Each structure stands twice: as C-alpha cells, then as structure tokens.
Protein chains: 2
Amino acid sequence: MNISFDIKQFVEALENSCHKVRKKTFSKNEVITNYIEKRNQLCILLDGSADLVRYDLNGNRTIIDHFSKYDVFGEVFYIVSTNNELFVEAKGKCEVLFYIYDDIKKKCKTNCKFHETLTELLPELILNKVTNLNMRIELLTKRSIRDKLVGYFNLISSMYLTKSFSLPFSLTDLADYLSVDRSAMMRELKLLKDDGFIEKTGNKITLLYK
Amino acid sequence: MNISFDIKQFVEALENSCHKVRKKTFSKNEVITNYIEKRNQLCILLDGSADLVRYDLNGNRTIIDHFSKYDVFGEVFYIVSTNNELFVEAKGKCEVLFYIYDDIKKKCKTNCKFHETLTELLPELILNKVTNLNMRIELLTKRSIRDKLVGYFNLISSMYLTKSFSLPFSLTDLADYLSVDRSAMMRELKLLKDDGFIEKTGNKITLLYK
DNA sequence: AATAATTTGTTGCTTTTGCAACAGAAAAAA
DNA sequence: TTTTTTCTGTTGCAAAAGCAACAAATTATT
C-alpha cells in the first residue's frame, strides 16, 4: 500500500518519543500479544507477518485478520468481549513495536514532535484499517465458497497487478480466513480448475477469466 | 454509544466551518448517496436510520452496514471497487450532513476552531467505526446460521443490557445483514424456539439461556 | 540424512443451507 | 376503510457445505 512511507515517519516519531515504547522480536508460532480488556495497546509490525486468531467454543479456528509489514493491531482496534480468546501469532520471525494508546491523548508537557506526527498520521492509519475490514466483510458476505475464493483472488490480483500470484496464506489458513471448511474449499478449488476458471500448482494461482 | 456527545461537538464544528457542508433531508426508501470512486465523501446521519446496501451479480442483496443516529459513512470508509454498486438507503425520514473529506487535510488559512475539533475527534470517530466492523466480522465468521443468530442476539442483549428486546431490523433485513437465506433463517429461529433457547413473538426476542 | 510434523489433495456420507413457492398477517397507501 | 404492498412463517426438494478419515507430498526438526 502507498501508506508505507507515512508509517515509517510514524514509527520513527514513536521510537523517539517521550513515551515508553517497547520493541521485541518473535519467532515462528510465538504469541505476540493477546487481547486484554481495557488495556488499549497499539502494536506495529515492523517486520514479518502474523495472524489475529480466535478459537470459538467448538474449537473452530478463525483467522480474523492477517498482518504484514507496517500493519497496526492491538485492542485499540477491537473491543474485547470476554467470551473470545483473541491473540496474534507470528507466522515467522517478527519485529513488533508496542505502545499504550491512551497516552496519545494525554499531551506531554514538552509538546514534542511525536504528538504532532501522531495526531497527523493516526486518522490515516486507522482509515487504512477500515478499508481492510470492509474488504474482509465484502468477502465474508459472499454466499458460496466459490464466490469467496473468486472474490479473494480478485483482491490479490488487483493488489499485485497480475493474474498470476502465490497465495500469501497456506491453503489451510486461507480456509480459516474465508471461514469455510478446508476440504470443502479444496473441492471447490478443484471445480474452479476443472471449469477452466483458474490454473493452480501448489499455492500458485493463475486467473484465466476476464 | 458514549460518543454521542463528542459527535455533537463535531457536527457543530462542521456546520460552522469555513468549508462547504450540505445538509439534506430524505424520506423512506430514498437513496441518500451512492459510493463513487475517489470522491471521498464523509456523511453524518443526524437523524433516522439507513442501510449501506450492495446487490451482487446474482441479485443477492446484502446489507453491508446499518446506520443509526450519529453514525458516519461515505467513501472515506470504503474503497470502491467497480464491480459493486454500493448505496445508502433511508429506512425512514433521515437528516444527513455531507462533507468532502479531502478538505479536512488542507488547513484553512484562518486556522478555525473547526480544524481543531476535527483533528481531535476524527480518530475516535473512526475507531468507533472499526469496532463496529470488527463485531460484524465476528458475526460473519460464525459457521452456522444458528451461531450467527445467537451471536447477534448476544450483541443486542449486551448493548441494551436486557435479555428481552425488539430487533432493530425486520427479519428480512436481518437475513440480509447476516448474509443468509431468509427462509433458512426462519427455520433456524423456529428450531431455537423449539429447543427452548429463545422466546419469539413477531420480532421481539427473549433469551432464555445463561 | 532420517524422522517427525504439517499441509495438501481426495472422497463417501451426513447435515445444513438455499431455492421456490405459497398462504396468512401486518403495514402502508389510496 | 379498502386495497395494495411488504413481511412473516412454512414446507419439500435440490444443492452446497461440513465432517471424518486417510494417503501422498511437502516442510521442519533432530
């Protein structure tokens, strides 16, 4: 996305701020943070990729959100309801910046550059988030697995500006992201292939339509 | 929600701003606005209720979002992709404020009170939006109609702080909101009733569990 | 390099959901 | 008030999705 430059500014300002910011490194499958009521943490993924995951009472795993470089997450962006364990897990080596959001409102006495950058960039940062959430909702409201898959492929395709791409997810994770049964999704992928809509080798997809 | 006071401030500042703000009234079923690429309009619903609606290629109607007093909407919160007609329709008499977002960034020369209030309140406004979107996603990721219904009821119940409430939707609209077939939803509602989980008279629901 | 763990691909069977159609109730319009 | 329109409630049947189980392939770990 074209906000990466702004984010760099933001991160720099945050790191040089008068407030306490923690930076930490994680390796694959480690839990980066879990969402706790009222804490209002704001995290920035400086490097790597991670998933926001929930397990429901039936043991179904859902990938609520997928984060890559410079994405933001934390309770700031999510009201935590007690009956859902939410946590962010690293998909590989990750570098993460932690910050408590509430401090942003309390103006520091020295009126540092940090607050200036923050108030300027935060809305844009969050709007970017909103856009992602809306795209997600658009996918989830599709009525069939096929429509979800095609919708997702179109999204990736228009993001990378190519009809041929590797999925940023494993197929198992993609099913959890689209909130469908994995084997049913595999079946549908095969049908899409048989019907000549896509080509598929491993998790490399080529769109043949339009 | 507890942001209504802040929104009032916001609206006041907006109306007295140095920029062009349009206010307009709509009656039931009128189209308040449709989402147009790159316009970046920001709207505030001053009174009434309205739905953000999409019709897909198969003619399925989906209620993407439901707005009530002081909710914000517009392209600012949505990247418009060409293959989806998105519009907001009034569910009854509505009063709406229109504003073009891009003007917010361009600081006016006179450094008016408006910009101050705006930069202060906007992040909070949008965060509120994010929270709603996340709740929506949580509902949509539920794997069955029953889970979606129960999830939705729990939400309403905890919002109104009562186990007995009238649905803010017609049942037809609720199905579109949960993105499921209406008759299948009706069937599931009946099963929930038969299983003793809920009581239902018209669109008044009472939760019997917990 | 060998072993263990995870992911992919497939399938038969069951359950859930969607579709279509219709009658009655309720709400809106004339 | 009467008529028209929309919404609710129901059902049989068809289609889609979920579940479970397993082998093959791929990827990590030792």
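Computed from a predicted model, the values in this text were never measured in an experiment. Chain letters run A, B, ... following the sequence lines, proteins first and then strands; every chain starts at 1.
At a threshold of 4.0 Å, the pair B/K93-B/D47 does not count as salt-bridged, since none of the basic side-chain nitrogens sits closer than that to a carboxylate oxygen. Looking at A/D194 and A/R187, no side-chain N of the basic residue comes within less than 4.0 Å of a carboxylate O on the acidic one, giving no salt bridge. A salt bridge is absent between A/E188 and A/K142: the closest approach of a Lys/Arg side-chain nitrogen to an acidic carboxylate oxygen does not fall below 4.0 angstrom.
Separating the CE atom of A/M186 from the C1' atom of D/dA25 is a distance of 11 Å, rounded to the nearest angstrom. Atom P of nucleotide D/dA16 and atom CG of A/L189 are separated by 16 Å, given to the nearest angstrom. D/dG9 atom P lies 15 Å from atom NZ of B/K204, rounded to whole Å. Atom CD1 of B/I205 is separated from atom C1' of D/dG9 by 13 Å (rounded to the nearest Å). B/N29 places its CG atom 9 Å from the P atom of C/dA29, with the value rounded to the nearest Å. Per the geometry, CG belonging to A/L140 stands 14 Å off P belonging to D/dA17, to the nearest Å. Put simply, CD on A/E188 is 18 Å from P on C/dT8, counting in whole angstrom units. Atom-to-atom, NZ of A/K142 to C1' of C/dT17 comes out at 19 Å; the value is rounded to the nearest Å.
A residue-by-residue look at A/R146 and B/K193 shows that B/K193 has its nearest nucleotide of DNA chain D further toward the 5' end. Mapping A/R143 and A/K200 onto DNA chain C by nearest heavy atom places A/K200 closer to the 5' end of the strand.
Proximity note for B/R187 (side chain, C-beta onward) versus D/dT11, D/dC7, C/dT11: the nearest is D/dT11. Out of D/dC19, C/dG18, C/dT8, the shortest distance to the side chain of A/D181 is found at D/dC19. Ranking D/dT10, C/dT8, C/dT17 by closeness to the B/I145 side chain, first place goes to C/dT17. Comparing C/dG9, C/dA21, C/dT11 by their closest approach to the side chain of A/L171 singles out C/dG9. For A/A184, counting side-chain heavy atoms from C-beta on, the closest listed nucleotide (C/dT17, D/dG18, C/dT10) is D/dG18. Each of D/dA16, C/dT11, D/dA28 was ranked by its minimum atom distance to the side chain of A/S183; first place goes to C/dT11. Side-chain proximity of A/S170 to the nucleotides C/dT10, C/dT7, D/dT10 is greatest for C/dT7. Proximity note for A/K190 (side chain, C-beta onward) versus D/dA28, C/dT11, D/dT8: the nearest is C/dT11.
Heavy atoms of other residues, nucleotides or ligands lying less than 6.0 angstrom from NZ of A/K200 number more than 12.
For A/T172 and C/dT8, the shortest distance from a side-chain N or O to OP1 or OP2 is below 4.0 Å.
A donor-acceptor contact closer than 3.5 angstrom is absent between the side chains of A/D195 and A/Y209.
Taking 3.5 Å as the limit, the base of C/dG18 and the side chain of B/R182 contain no donor-acceptor pair of atoms between them.
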